Amino acid sequence: MEKDIEQILITSEQLQERISQLAAEVSAEYAGKKPIFIGVLKGVLMFMGDFVKQVNEPCEIDLMRIASYRGTGSKGSVDPVMDISTDIRGRHVVILEDIFDTGRSLTYVCNHLQAMEPASIKIVTLLDKPAKRLPEVTIKADYIGFTVPDEFVVGYGLDYNELYRNLPYIGILSPEVYQ
Ligand code: IMP
Ligand code: MG
């Protein structure tokens with residue numbers, strides 16, 4: 001597995017340090033508001049677990065799962081796979097995402113949750129890859145862990161064909177693996 005990684009971009013230590021900072025900032029912003037953290041599966045798994053453990057305010061968690069198809073020639077689309085089970089009307093929602101790339105997934109998630117009339121929605125993304133953002137995407141991330149270059153990254157929840165999610169760091173996948 002390690003041999004498929006061209007370069008370690010963010011070490012496990014760097015991840016933990018930055019996630020602690022993010023959790024402290026978000027905890028301060030949401031003090032007394034009992035936010036609900038909604039994670040977008042599966043990529044967010046590791047990040048969400050480490051993040052919420054460091055939130056030192058009462059909060060709730062929920063999960064949703066979407067499938068994004070991003071065929072090379074075809075138009076990308078997003079389909080719901082699993083919805084949240086909480087009534088978020090009037091609640092302060094914080095979306096947790098692994099990576100903000102083209103923005104299709106987060107746009108879908110925001111619109112989907114917005115229709116349930118929460119009091120507010122903000123976005124926390126561990127990684128931001130601005131290079132591929134679609135021009136029509138108007139949403140912005142409110143908190144960003146790390147900005148990454150235009151490379152395919154795996155590890156710490158992120159996959160390539162469902163593999164590499166278990167790596168403890170974020171690494172650039174060697175192009176030989178997918179070429
Ligand atoms: P978007 O809809 O293009 O913004 O893509 C978001 C989703 O695509 C993420 O939640 C990931 O599941 C996946 N994705 C985008 N870039 C990468 C990457 O570099 N490595 C692994 N997954 C990625
Ligand atoms: Mg994802």
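The figures here come from the full heavy-atom set of this structure, side chains too, leaving out hydrogens, waters and symmetry mates. The structure presented is a predicted model; accordingly, all values stated were derived computationally and were not measured. Counting starts at 1 for both ligands and their atoms, in listed order.
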Could you work out, for atom 2 (O) of ligand 1, the closest of G43, S105, A67 by heavy-atom distance?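 Looking at heavy atoms only, S105 sits closest to atom 2 (O) of ligand 1.
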Note: heavy atom closest to atom 14 (N) of ligand 1, options I99, L158, V44, V137, belongs to I99
Answer yes when E57 and K33 have at least one side-chain N-carboxylate O distance shorter than 4.0 Å, and no when they do not.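 K33 and E57: not salt-bridged.
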Do the side-chain N and O atoms of Y156 and D50 include a donor-acceptor pair separated by under 3.5 angstrom? yes
Using a 3.5 Å cut-off on N or O atoms only, is F152 in polar contact with ligand 1? no
Considering both backbone and side-chain atoms of S68, is one of its nitrogen or oxygen atoms within less than 3.5 Å of a nitrogen or oxygen in ligand 1? no
L158 to V153 - nearest heavy-atom pair and separation: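 Nearest pair, atom of L158 first, then V153: CB-O, 4.0 Å.
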With heavy atoms only and a cut-off of under 4.0 Å, state how E151 meets ligand 1: side chain, backbone, both or neither. backbone
Taking non-hydrogen atoms only, is V154 closer than 4.0 angstrom to ligand 1 via side chain, backbone, both or neither?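 Neither part.
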For [X], the ligand 1 atoms whose distance to one of its heavy atoms is below 4.0 Å:
X	result
D159	21 (C)
R104	2 (O), 4 (O)
D101	1 (P), 3 (O), 4 (O), 5 (O), 15 (C), 16 (N)
E97	10 (O)
D98	9 (C), 10 (O), 11 (C), 12 (O)
T102	1 (P), 2 (O), 3 (O), 4 (O)

Chi angles and distances behind the side chain to side chain contact (heavy atoms under 4.5 Å, CB included) call for F146, R18: CA-CA 8 Å; F146 300 88; R18 182 72 185 119; 3.4 Å; yes
Just how far is it from atom CD1 of I5 to atom CD1 of I170, taken to the nearest 0.5 Å? 10.0 Å
Rounded to the nearest 0.5 Å, what's the gap from CG on L63 to CG on L45? Could you check? 8.5 Å
Can you name the one residue among N111, I139, V78, D101 that meets side chain to side chain contact (heavy atoms under 4.5 Å, CB included) with L106? I139
Would V40 count as a contact of ligand 1 if the rule is a heavy atom under 4.0 Å away? no
Side-chain (R133) to main-chain (F100) donor-acceptor, under 3.5 angstrom: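 Present.
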Determine yes or no for a side-chain-to-main-chain donor-acceptor pair under 3.5 angstrom, with R91 supplying the side chain and K34 the backbone.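 Pair found, side chain donor or acceptor close to backbone of K34.
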